Amino acid sequence: MRLIAMGIMFMVLFMTPHVNSFVGITWGRQQSQQLVPSMVVDLLLQNKIPALRLMTSAPDIIQIYAATNISISIALTNRHANLINRKDLAYAWINDKVKEPINKGVKIVEITVGSEPFSNTFLKQTTNYDVVNVIKIIREALDEMNLGYVATMTAHGMDVLHITKIPSETDFRDDIKGLMLDSLKFFNLTGTPFLLNMFPIHFVKEVLNYTMEFAFFDNNSGFKIHDGNVTYTNAVELMIDSLAWAIRKAGYPDMKIMIGQIGWPTDGYPHANIKNAERFHKGLLKFIASNKGTPLRPGPIDTYLHSLSDENEFRTIFGAFQRHWGIYEADGNPKYKIDFSLQDHDEYPTQAKGIVTMPHRWCTFDGDKSNMDLVKKHYNFSCEEADCTRLEEGASCGGLNEESKISYAFNAYFQRNKQNEKACDFDGLGQITTLNPSVDKCEFPIEILSFQDQVADNAMISLKI
């Protein structure tokens with residue numbers, strides 16, 4: 001009875017029309033140079049971003065948001081979800097990751113259990129068919145711990161659908177339909193929205209094979225899709241309504257859809273650049289601000305942009321672009337103009353304050369090609385250990401000549417190792433320089449001091465004082 005009562009409360013919360021949509025942002029931390037969490041708090045407050053979807057449940061990160069009034073969604077990751085398979089384990093996890101931060105003033109509103117657990121593309125290596133049972137255990141434990149207001153959900157990508165080019169013909173994949181129906185039944189009972197991760201650039205190119213203009217709201221191609229008496233001129237509305245049709249066919253025509261991730265990469269993929277990312281977000285945020293919704297889902301759509309900053313250690317199974325979703329560079333500098341306030345201001349967002357960079361030093365190739373086998377050995381090693389995704393064909397550094405590509409790889413490894421001089425040896429092939437070797441649009445980055453480095457530096461300062 002308690003679960004049903006909580007379900008009614010969530011149904012009221014999520015089904016009551018919003019006056020306005022909200023725009024939050026995601027933040028993952030798979031990067032060698034991590035922004036200090038307090039700087040992220042400042043970025044969110046300065047840019048008036050009301051909600052953050054964290055890809056972690058680390059208490060030291062979560063507790064930074066105490067008393068900020070920023071709504072926080074935390075993650076029980078795919079890797080750890082199956083470990084919470086009993087109520088006592090759920091109690092322990094919730095007490096540490098949820099209740100304690102809330103008692104300290106953190107506004108935790110959601111727990112995302114797993115990420116795209118039924119994926120057959122991006123996250124297929126972490127498939128978790130037991131995720132619904134874990135969500136149920138977490139849900140019951142939260143209710144019993146008087147934390148019933150904290151929503152429990154999981155995120156799905158477009159790959160849970162059997163995609164057709166007409167939204168009304170779309171349904172869930174046959175191999176997971178039973179799992180999806182079980183999920184939807186529970187979400188409906190608890191009033192939980194369907195959390196959708198969507199990436200139009202990939203969907204338009206790899207799934208639909210349409211002109212890339214269809215990914216933009218200001219589609220200049222004239223290309224459109226007709227579905228009965230409905231016409232789609234952009235991929236976002238088509239993607240949302242494709243899911244809406246599948247949910248409708250499952251018997252839940254009024255279930256709320258929330259966008260858990262949507263964005264545009266700036267490197268490592270065809271059409272992935274700063275100009276297109278700015279254009280896409282400008283159209284997207286106008287669409288969200290209008291509160292018009294889609295033909296099948298009229299009204300506000302709550303959305304999390306993906307993501308705050310680049311992650312140069314993210315897996316690149318499906319492409320280099322997976323490391324370049326950030327609206328900000330890893331050093332806290334905004335890449336392009338975007339107005340999180342939904343007022344369509346033509347301006348850059350606030351720059352991160354207090355960033356401390358490594359010295360302006362780079363490691364480059366000395367040009368000795370007398371032993372190219374040795375050079376290639378060190379080049380390959382550097383790119384295995386550090387991030388060379390900008391050297392991919394079509395990426396921002398893909399047009400460099402051979403020597404510059406080697407220098408880029410050497411420098412990536414040098415920076416990854418905090419500019420340790422030994423990390424620029426490469427059997428005598430590397431040399432440290434203070435002259436910036438960047439070429440045109442290809443930037444040879446300098447890393448920032450990581451969260452742990454800055455904590456250590458502050459501790460040393462305290463000791464000296």
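Just the heavy atoms: all of them, side chains too, but no hydrogens, waters or symmetry mates, feed the values below. Only a predicted model underlies this, so the values are computations on that prediction, with no experimental measurement involved. For this chain, numbers begin at 1 and follow the sequence in order.
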Please report the closest heavy-atom contact between I240 and I301, naming both atoms and the distance. CD1-CD1, 3.9 Å

Looking only at side-chain N and O atoms, does H360 offer a donor or acceptor that is under 3.5 Å from a partner on T434? no

Rounded distance (nearest 0.5 Å) linking atom OG of S71 with atom CG of L44: 11.0 Å

Check ion pair R323-E392 (N to O, under 4.0 angstrom): no

Decide yes or no for S115 and T77: does some side-chain heavy atom of the first lie under 4.5 Å from some side-chain heavy atom of the second? no

Which residues satisfy the side-chain contact (heavy atoms from CB on, under 4.5 Å) test with A215, sequence neighbours excluded? P200, V204, M212, W264

CZ-OG distance between F217 and S290, expressed to the nearest 0.5 angstrom: 8.5 Å

Without swapping roles, check the side chain of R390 against the backbone of G398 for a donor-acceptor pair under 3.5 Å. no

Check whether R279 reaches the backbone of D218 with its side chain - one donor and one acceptor, N or O, closer than 3.5 Å. yes

Please assess K136 against E140 for the test salt bridge (charged side-chain N to carboxylate O under 4.0 Å, His left out), listing each intermediate value before the final yes or no. CA-CA 6 Å; K136 290 177 179 178; E140 290 174 7; over 6 Å; no

Are S341 and K48 close enough that a side-chain donor and a side-chain acceptor fall under 3.5 Å? no

D159 and S119 have their tightest heavy-atom pair at OD2-OG, 2.7 Å

Worked check of side chain to side chain contact (heavy atoms under 4.5 Å, CB included) between S407 and F444: CA-CA 9 Å; S407 289; F444 283 52; 3.9 Å; yes

Parallel, tilted or perpendicular, judged at 30° and 60°: which one describes the rings of F365 and F410? perpendicular

Specify the closest pair of heavy atoms between P265 and I201, including all atoms of both residues, with the distance to one decimal. CD-CG2, 3.6 Å

Does a salt bridge link K282 with E278, judged by any charged N lying under 4.0 Å from a carboxylate O? no

Would you check if Y379 and L391 make a side-chain contact, meaning some heavy-atom pair closer than 4.5 Å? yes

Hey, could you give me each pair passing side chain to side chain donor-acceptor pair (under 3.5 Å) that has a residue in residues 438-449? Not counting sequence neighbours. S32-E447, N436-S438

Could you tell me whether E313 and R416 have a side-chain N and a carboxylate O separated by less than 4.0 Å? yes

K376 NZ: over 12 foreign heavy atoms closer than 6.0 Å: no

Would you check if the distance from the ring center of F22 to the ring center of Y304 is below 6.0 Å? yes

Just do the side chain to side chain donor-acceptor pair (under 3.5 Å) check on Y269 and E206 with the steps written out, would you? CA-CA 11 Å; Y269 198 69; E206 304 294 343; 2.8 Å; yes

Can any side-chain N or O of N411 pair as donor or acceptor with the backbone N or O of P445 at less than 3.5 Å? yes

Taking every non-hydrogen atom, the tightest pair across V98 and I74: CG2-CD1, 3.8 Å

Tell me, yes or no, whether the heavy-atom count around E393 atom CD, taken from other residues, nucleotides or ligands under 6.0 Å, exceeds 12. no

Do you know which of E110, Q261, H306 makes side chain to side chain donor-acceptor pair (under 3.5 Å) with R53? E110

Donor-acceptor contact below 3.5 Å, side chain T154 vs main chain V113: yes

Can you measure from CG (N333) to OG1 (T357) and round to the nearest 0.5 angstrom? 10.0 Å

Minimum-distance pair of heavy atoms, taken over all atoms of A330 and I448: O-CD1, 3.5 Å

Applying side chain to side chain contact (heavy atoms under 4.5 Å, CB included) to L196 and M258, what does each step give before you reach the verdict? CA-CA 6 Å; L196 174 66; M258 179 186 289; over 6 Å; no

So does K369 pair up with E402, basic N to acidic O under 4.0 Å? yes

Is a donor on one side and an acceptor on the other found under 3.5 Å between the side chain of S382 and the backbone of H378? yes

Would the Y348 and Y336 ring centres measure less than 6.0 Å apart? no

Donor-acceptor under 3.5 Å (D267 side chain, S396 main chain): yes

Whether N417 side chain and Y413 backbone form a donor-acceptor pair below 3.5 Å: yes

Take V134 and L76, measure what side chain to side chain contact (heavy atoms under 4.5 Å, CB included) needs, and give me the verdict at the end. CA-CA 10 Å; V134 177; L76 175 56; 4.2 Å; yes

Counting distance only, does the side-chain N/O of N197 pair as donor-acceptor with the main-chain N or O of G157 below 3.5 Å? no

Return the set of residues passing salt bridge (charged side-chain N to carboxylate O under 4.0 Å, His left out) with D346 (not counting sequence neighbours), or none when no residue passes. K337

Establish, yes or no, whether a centroid distance under 6.0 Å links the rings of F199 and W325. yes

Backbone of R29 reached by a side-chain donor or acceptor of Q34 within 3.5 Å: yes

Backbone of N276 reached by a side-chain donor or acceptor of N273 within 3.5 Å: yes

Between D373 and K377 (salt bridge meaning N to carboxylate O under 4.0 Å), is one present in this structure? no

Gap separating the OG1 atom of T26 from the CG atom of L54, nearest 0.5 angstrom: 9.5 Å

Smallest heavy-atom separation, V375 atom then D368 atom, equals CG2-O, 3.7 Å

Using distance alone, with no hydrogens and no angle criterion, decide if E384 and N380 have a side-chain donor and acceptor under 3.5 Å apart. no

Side chain to side chain donor-acceptor pair (under 3.5 Å) between D310 and Q31, intermediate numbers included: CA-CA 7 Å; D310 283 349; Q31 52 209 177; over 6 Å; no

Run L305 and I262 through side chain to side chain contact (heavy atoms under 4.5 Å, CB included) and show every step you take. CA-CA 5 Å; L305 304 180; I262 186 170; 4.2 Å; yes

Got more than 12 heavy atoms from elsewhere within 6.0 Å of NZ, K99? no

Taking the side chain as everything from C-beta on, heavy atoms only, tell me whether I70 gets closer than 4.5 Å to L45. yes

Rounded to the nearest 0.5 Å, what separates atom CD1 in I84 from atom CD1 in I137? 9.0 Å

Exactly one of D302, T303, I259 should register a side chain to side chain contact (heavy atoms under 4.5 Å, CB included) with S21. Which one does? D302

Assess the side chains of Y328 and Q351: does a donor N or O sit below 3.5 Å from an acceptor N or O? no

Test side chain to side chain donor-acceptor pair (under 3.5 Å) applied to N234 and E237, step by step: CA-CA 6 Å; N234 66 84; E237 292 184 77; 2.7 Å; yes

So how far is it from I49 CD1 to I25 CD1, rounded to the nearest 0.5 Å? 4.5 Å

